[in-house]
Q: 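Starting off with a structure, shown below.
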Amino acid sequence: MSNEEVEHEQEYVSMLYERLDGFREQASTRLAEVLAERPGGRPQAHTERQAAASTYSRQLARYDAAEDGLCFGRLDLDGDETRYVGRLGIFDESDDYAPLLIDWRAPAARPFYLATAASPEGVRRRRQIRTARRRVVEIDDEVLELADANVGTGHESLTGEARLMAALTAGRTGRMGDIVETIQAEQDRIIRAENAGVLVVQGGPGTGKTAVALHRAAYLLYTYREQLTKRGVLVIGPNPTFLRYISHVLPALGETSVVLSTVGDLFPGVYATRTEPRETAELKGGPRMVELITAAVRDRQRVPDEPLEIAFEDDILLLDAATCEAARDRARATHRPHNQARVVFVQAVVDALARQYADRLGADPYADDPLGEDDAPGGGSNLLGDEVVDDIRQELRQDEAVLTALDELWPVLTPQWLLADLFADAELLASAAEAAGLTDAERDLLSRPDPHGGRAADRMWTSADAPLLDEAAELLGDDEAAALAAAERRRRERIAYAQGVVDILTRDMDDDPDILMVSDLIDAERLAERHEDSDDRSTAERAAADRTWAFGHVIVDEAQELSHMAWRMVMRRCPSRSMTLVGDVAQTGDLAGASSWARVLGPHLGDRWRLERLTVNYRTPAEIMAVAAEVLAAIDPGLEPPRSVRETGTAPWELTVAPDTLASQLAAIAASEVAELREALGDGPDGGRVAVLVPSGLLGDLRPALEAALPATTTAGDEPDLDSPVAILTVRQSKGLEFDAVLVVEPDLIVEESPRGLNDLYVALTRATRSLAVLHTSPLPAALGKLEPGPAVAQAVAR
């Protein structure tokens, strides 16, 4: 490419950056002005100020996100039209808003991703522009008007092949990069699919499922800005490591109205940090848990075997089974959630006790009504009068002994209390398990002693517990009395704070009746009320804290791993059913996960979903994919592996080591791989990443040796830091991640650890972008029989 052309593009790109700096300065100035304004006491003024500040803050975030790679492409179209494509749209205000830079999500930018020599879409030339900071460093042109421009490469369907290959062969950094410069045609079709309904994206390893899902979120937020900014977008990932890996992608695209969460953390206030056997997690994910939790709630709506004696005033009142059963039936007939139906139960019981007490005082206002309704036809004399009887009811509602009896018969419950008591109490669990049709062995899997009784704030829950808590929350409903009490407590706190403000503003004033004080204009209560509706939290922050929040769109990555109960929880988060689900049923590792999309989605959606497929493997070289394809065939001969777009010339290999030397030899080979990567890629931040994937049962044994051999460069544990050159992970932790080199340890144990062990092995083999090695002490699984022996250098390093 001539220097003259590079200089021309440099001039244009520099002009765009000048415009960006101007936008940034304007937004920064306006934000400072808004924050400096004194909105007065009107609630509307505070809301407007907050909205304006939020708008300018979002603008600044988008401008900052566009800084790196602001302009990355140019289209020369038929008719001598030229379009520049980049990370945001920039228009010339002095020339009737002519487009200077087209946002990659705009329809006018679509030919940049779709045009090929076979179908040029009116494009004569596509130019890839690569920049470093604000300097143009490389230009690559594809001339599409020549019919044979791409013929012979073997990748005629690829767009921007040179830039794509450069991105694929670059060293991994421990963080996922965006693909706005290299989106391919089949990916673009899915990214821009309509918003309505549920879209399922099935794609094998390396097909860019995650990247497509995240860029689809950015596209939808661009296209449906007003709708989705208010409701937000929820992205669900398989584990915290994965969420950290992708966490910067959407902010880098200028989008912040997004909540990232795992299934285990989707229930507000609960963090899934506890582990449990796979069999237990599988059981908790099954549909019978709905019956179990329903039965557990109904079991807490009790009828006493013997009449309860309740001391009231100087008398003993009796609460018998018939009265409680009638009250319970009346409460259940409302079909309200447990905590809200309790009001009906309490009223019925209190009325019955009031009738009983009034009877003993010589009044019988409820002679024909066993539950004592206010409008029951009176059959006896009412010597005390209605007002006195009402006073009796009020006293009964506040009586300690009555409250204790009511809490025993129909307690106010939280989801945490319900499940903790259920799993810890053998009698409660046995009753609910029988109703749900669980065996004794299954009941034992659920049993979990709880010394805190579910009431400790730091209680540990598992990922499989979160959907059960969510199900319980639906059945229990909110405690309205507690909610009102909490609201009143917050109101008093606001008043106290406002009173402090008023005191500060008036404490230095002279005690002169002619001087007008703040307290003369407004009191603390009115000042607090004016700020009641103020909420400085972002949409994402408010959505994450509200279990009942309805998101505008939900994206689920590794969707094949979700259980039946997890799907019920996810569906509640999106009543509109505007969802994008991406995954690969061949990679299902969770025992409660999907074996087919129709089977897992049918109970929730019927046939109201559509399927798209990603078929091209960009990550995994053909040599590695050939090995993985043997494992895929062993899982299901009918499954087709994705087609790899590149070869590396390096074949995967295996090495047999002695059991007593596994840890040391593994450490030596890992150190060698790190050295080779750094030599090939350099010692900069893109110096490559190595993953050591081990059976979960060996993680504790192998970790110390690797950390000792590679000090300060190795990460492991529940939440590994992927910025480290070497990561020791289980297969489950590696879901959705990619590394330059991968060492798979003891594949036979990986297969044996789970009934879906071959699926896990398939995942492990397809994490690498450059090289794959398998170390083992026992014979390899049959599907890996074609692996070549390790090269001499690897064997020498191991020795």
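Since this is a predicted model, take the numbers as computed values, not measurements.
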Q: Looking at Glu325 and Arg302, is any side-chain nitrogen of the basic one under 4.0 Å from a carboxylate oxygen of the acidic one?
A: no
Q: Counting heavy atoms not belonging to Asp546, are there more than 12 under 6.0 Å from its CG?
A: yes
Q: Show me the pairs that pass side chain to side chain donor-acceptor pair (under 3.5 Å) and involve residues 287-296, at least two apart or across chains.
A: Arg288-Glu442
Q: Please collect all ring-ring contact (aromatic ring centres under 6.0 Å, His included) contacts where either partner lies in residues 316-335, sequence neighbours excluded, each pair once.
A: none
Q: Can you list everything that forms a side-chain hydrogen bond (donor to acceptor under 3.5 Å, both in side chains) with Asp407? Sequence neighbours excluded, please.
A: Arg342
Q: So, taking the atom named CG in Leu319 and the one named CD in Gln356, what distance separates them when rounded to the nearest 0.5 Å?
A: 8.0 Å
Q: Assess, by modelled atom type and distance only, whether the side chains of Arg756 and Thr588 contain a donor and an acceptor separated by less than 3.5 Å.
A: no
Q: Surrounding CZ of Arg336 (heavy atoms of other residues, nucleotides or ligands, distance under 6.0 Å), is the total greater than 12?
A: no
Q: Among residues at least two apart in sequence or on other chains, which ones pass side-chain hydrogen bond (donor to acceptor under 3.5 Å, both in side chains) with Asp299?
A: Ser431
Q: Considering residues, nucleotides and ligands other than Glu434, do more than 12 of their heavy atoms fall under 6.0 Å from its CD?
A: no
Q: Evaluate the side-chain proximity of Val233 to Leu220: yes if any heavy-atom separation is below 4.5 Å, no if none is.
A: no
Q: Mind checking the CE-CG spacing from Met571 to Leu601? Nearest 0.5 Å is all I need.
A: 6.0 Å
Q: Please find the pair of heavy atoms, one from Tyr271 and one from Asp265, that lie closest to each other, and give the distance.
A: CA-OD1, 3.5 Å
Q: Inspect the contact between Lys230 and Glu226 and indicate whether a charged nitrogen and a carboxylate oxygen are less than 4.0 angstrom apart.
A: yes
Q: Should the heavy atoms of other residues, nucleotides or ligands under 6.0 Å from CZ of Arg298 be counted, would the total exceed 12?
A: no
Q: For Trp410 and His338, take the angle between the two ring planes, folded into 0 to 90°, and tell me which bin it lands in: parallel under 30, tilted 30 to 60, perpendicular over 60.
A: parallel
Q: Does the pair Arg732 and Ser696 meet the rule for a side-chain hydrogen bond (donor to acceptor under 3.5 Å, both in side chains), with working shown?
A: CA-CA 9 Å; Arg732 177 164 294 199; Ser696 57; over 6 Å; no
Q: Looking only at heavy atoms, what is the nearest atom pair of Asn195 and Ser578, with distance?
A: OD1-OG, 2.8 Å
Q: Indicate yes or no for a side-chain donor-acceptor contact from Trp597 to the backbone of Ala594 under 3.5 Å, with no hydrogens or angles considered.
A: no
Q: Scan Arg448, Gln416, Arg274 and name whichever one has a side-chain hydrogen bond (donor to acceptor under 3.5 Å, both in side chains) with Asp465.
A: Arg448
Q: Please find the pair of heavy atoms, one from Lys735 and one from Gln587, that lie closest to each other, and give the distance.
A: NZ-O, 3.1 Å
Q: Identify which one of Met579, Arg608, Arg610, His604 satisfies the side-chain contact (heavy atoms from CB on, under 4.5 Å) criterion when paired with Val198.
A: Met579
Q: Just to verify, which of Leu476, Leu475, Thr414 counts as forming a side-chain contact (heavy atoms from CB on, under 4.5 Å) with Asn339?
A: Leu476
Q: Would you check if the side chain of Gln227 reaches a backbone N or O of Gly552 as a donor-acceptor pair within less than 3.5 Å?
A: no
Q: Starting from the C-alpha separation in whole Å, work towards a yes-or-no answer on side-chain contact (heavy atoms from CB on, under 4.5 Å) for Trp461 and Phe267.
A: CA-CA 11 Å; Trp461 297 93; Phe267 190 90; over 6 Å; no
Q: Rounded to the nearest 0.5 Å, how far apart are CG of Leu260 and CD1 of Ile236?
A: 10.5 Å
Q: Thinking salt bridges, do Arg300 and Asp425 make one under a 4.0 Å N-O criterion?
A: no
Q: List in chain and number order the residues that pass side chain to side chain contact (heavy atoms under 4.5 Å, CB included) with Arg599, two or more places apart in sequence or in another chain; answer none if no residue qualifies.
A: Ser595, Ser596
Q: If I take atom CG from residue Asp440 and atom CG from residue Leu445, how far apart are they, to the nearest 0.5 angstrom?
A: 11.5 Å
Q: Is there a side-chain hydrogen bond (donor to acceptor under 3.5 Å, both in side chains) between Gln733 and Asn239? Walk through the geometry before answering.
A: CA-CA 7 Å; Gln733 288 177 314; Asn239 54 60; over 6 Å; no
Q: Apply side-chain contact (heavy atoms from CB on, under 4.5 Å) to residues Leu353 and Phe312 and explain how you reach the verdict.
A: CA-CA 10 Å; Leu353 292 175; Phe312 179 68; over 6 Å; no
Q: Indicate whether the side chain of Asp478 and that of Gln340 have a donor and an acceptor atom separated by less than 3.5 Å.
A: no
Q: Return yes if some donor-acceptor pair links the side-chain N/O of Thr280 with the main-chain N/O of Glu276 below 3.5 Å, else return no.
A: no
Q: side-chain hydrogen bond (donor to acceptor under 3.5 Å, both in side chains) for Ser447 and Asp444? Distances and angles first, verdict last.
A: CA-CA 5 Å; Ser447 178; Asp444 292 342; over 6 Å; no
Q: Once you round to the nearest 0.5 Å, how far does NZ of Lys284 lie from OG1 of Thr462?
A: 4.0 Å
Q: Evaluate the criterion side-chain contact (heavy atoms from CB on, under 4.5 Å) for residue pair Arg216 and His553; output intermediate values, then yes/no.
A: CA-CA 11 Å; Arg216 174 162 170 74; His553 193 81; 4.2 Å; yes
Q: Name the residue from Leu292, Leu468, Val297 that meets the side-chain contact (heavy atoms from CB on, under 4.5 Å) definition with Leu422.
A: Leu292
Q: Quick one: are Val235 and Asp557 in side-chain contact, heavy atoms under 4.5 Å?
A: no
Q: How far apart are the closest heavy atoms of Ala435 and Ala295, and which atoms are they?
A: CB-CB, 3.6 Å
Q: Under 3.5 Å, is there a donor-acceptor pair between the side chain of Arg225 and the main chain of Leu221?
A: yes
Q: Once rounded to the nearest 0.5 Å, what's the spacing between atom CG of Asp399 and atom CG of Leu317?
A: 8.5 Å
Q: So Asp590 and Ser563, do their side chains get closer than 4.5 Å, heavy atoms only?
A: no
Q: For a quick test of reading the model, state the closest non-hydrogen atom pair linking Ala217 to Ile555 and the distance between them.
A: CB-CD1, 3.5 Å
Q: Within 45° of the ring axis of Trp549 and under 6.0 Å from its six-membered ring centre, is that where the NZ or CZ of Arg231 lies?
A: yes
Q: Quick one: list whatever passes side-chain hydrogen bond (donor to acceptor under 3.5 Å, both in side chains) with Glu474, sequence neighbours left out.
A: Arg547
Q: Do you know the tightest heavy-atom contact between Pro603 and His564?
A: CB-CE1, 4.0 Å
Q: Hey, does the side chain of Glu471 reach the backbone of Val290 with a donor-acceptor pair shorter than 3.5 angstrom?
A: no
